[in-house]
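As the structure lists them, so they are numbered: ligands from 1, and atoms in each ligand from 1.
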Amino acid sequence: MSLFDKRGNGALRANGFTVNGATSDIHITTHGSDWYWAVCAVMTVATFAFAGLAQTKPRQQRIFHYITAAITMVAAIAYFTMGSNLGFTPIAANPQRNNPKVHGVYRQIFYVRYIDWVITTPLLLMDLLLTAAMPWPTVLFVILVDEVMIITGLVGALVYNNYKWGYFAFGNAALFYIVYVLVWEARKHANAMGKDVGKAFLICGSLTTVLWILYPIAWGVCEGGNVISPDSEAVFYGILDLFAKPVFGALLIWGHRGIDPARLGLHIHDYDEKDQAIHGNGHSNGANGYDGEGRNGNVGNVATTV
Ligand code: RET
């Protein structure tokens, strides 16, 4: 163990590089771990900021704050895991390289990244597609395709031979479809909702499109091709994640400042509002609202217009 290891934050020593009997010899150093901790801190601060901002709005207007806070909350925990040198498994690198930065047999593959993404990328897409007031079947399908993208990326990362590129190809096809919906269908839809909605969508949608196309490039040189070191992987994915989550989230919430979600078809009920669905049928339903007997025609219509 080098002097530097002793000075490090301790996580590498505490948790080690051996998992299930295999040891990663291509792994992060304390630099990588420190960087993961730093990103964890930013994600945590962003979560409190987004959740705090939500409290400044009426409950019917918090949906985008909550979705966005959930995204950074999950990321904070994923980064806590990676900073702690956990949430990885050693996978035989293919190809094995002579470059000392990636020389070795087993590369440290952080599967926890994909657990983060499988939760957060659907939420990011919800942020965007709800902003564009897309029909809910489209939202559902895009999210399912997104899950295909992330899971194929995970499986590909865990495969040690060249079959991993087959999964990579499926993942890229999925990304292609998502990008098509964002830059074409959803953009048109957002513009039809008004100038402010169109602008908010354009800014956040463009940022997302550019960033998301960079992820498979990172995968190609990290989990896929074993070209750059795990520390560089930490920086590459870390910068992408910082832009895709806290920066994206701040821009999205800012873009929504003058937009009532009701304009986007998101009619959300609250117990103390003057809402027919709750107060208009003569029943006193308390905080739960509906009487559960389908007496109020409005409930069905309003609640499902997404
Ligand atoms: C993988 C590999 C398989 C092919 C493709 C990928 C794309 C991943 C993307 C991830 C986005 C993550 C975000 C995280 C937020 O913090 C899975 C790397 C296309 C687009 C936005």
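There is no side-chain donor-acceptor pair under 3.5 Å between Asn85 and Ser33. Between Asp146 and Tyr177, the side chains place no donor N or O within less than 3.5 Å of an acceptor N or O (distance only, hydrogens not considered).
Residue-level proximity to ligand 1 for Leu240 is absent, since no heavy atom of it falls below 4.0 angstrom. For Ile71, no heavy-atom contact with ligand 1 is shorter than 4.0 Å.
In this structure, the protein non-hydrogen atom closest to atom 6 (C) of ligand 1 is Met149 CG, 4.1 Å. Atom 21 (C) of ligand 1 has Trp212 NE1, 3.2 Å as its closest protein atom, hydrogens excluded (heavy atom only). Scanning all protein heavy atoms for the shortest distance to atom 15 (C) of ligand 1 gives Lys245 CE, 3.2 Å.
Ring pair Phe110/Phe88 is perpendicular by interplanar angle, where above 60° counts as perpendicular and below 30° as parallel.
Short contacts between ligand 1 and Gly171, defined as distances under 4.0 Å to a heavy atom of the residue, involve ligand atoms 4 (C), 19 (C). The ligand atoms of ligand 1 that sit less than 4.0 angstrom from a heavy atom of Gly153 are 2 (C), 3 (C), 17 (C). The ligand atoms of ligand 1 that sit less than 4.0 angstrom from a heavy atom of Thr121 are 11 (C), 12 (C), 13 (C), 21 (C). Interface atoms of ligand 1 facing Leu175, defined by a heavy-atom separation under 4.0 Å, are 19 (C).
Taking all heavy atoms of Tyr167, Trp165, Tyr215, Trp117 into account, the minimum distance to atom 9 (C) of ligand 1 is reached by Tyr215.
Atom OH of Tyr106 sits in a sparse spot, with 12 or fewer heavy atoms from other residues, nucleotides or ligands closer than 6.0 Å.
Ring centers of Trp117 and Tyr237: under 6.0 Å apart, within the cut-off. The distance between the ring centers of Trp219 and Trp165 falls below 6.0 angstrom.
Taking 4.0 Å as the cut-off, Asn172 counts as a neighbour of ligand 1 on heavy-atom distance.
Residues Phe236 and Ala218 share a closest heavy-atom pair of CE1-CA, 3.7 Å.
Judged by distance alone, with hydrogens and angles left aside, the side-chain atoms of Gln108 form no donor-acceptor pair with the main-chain N or O of Phe17 at under 3.5 Å.
For ligand 1, one of its N or O atoms has an N or O atom of Asp241 under 3.5 Å away.
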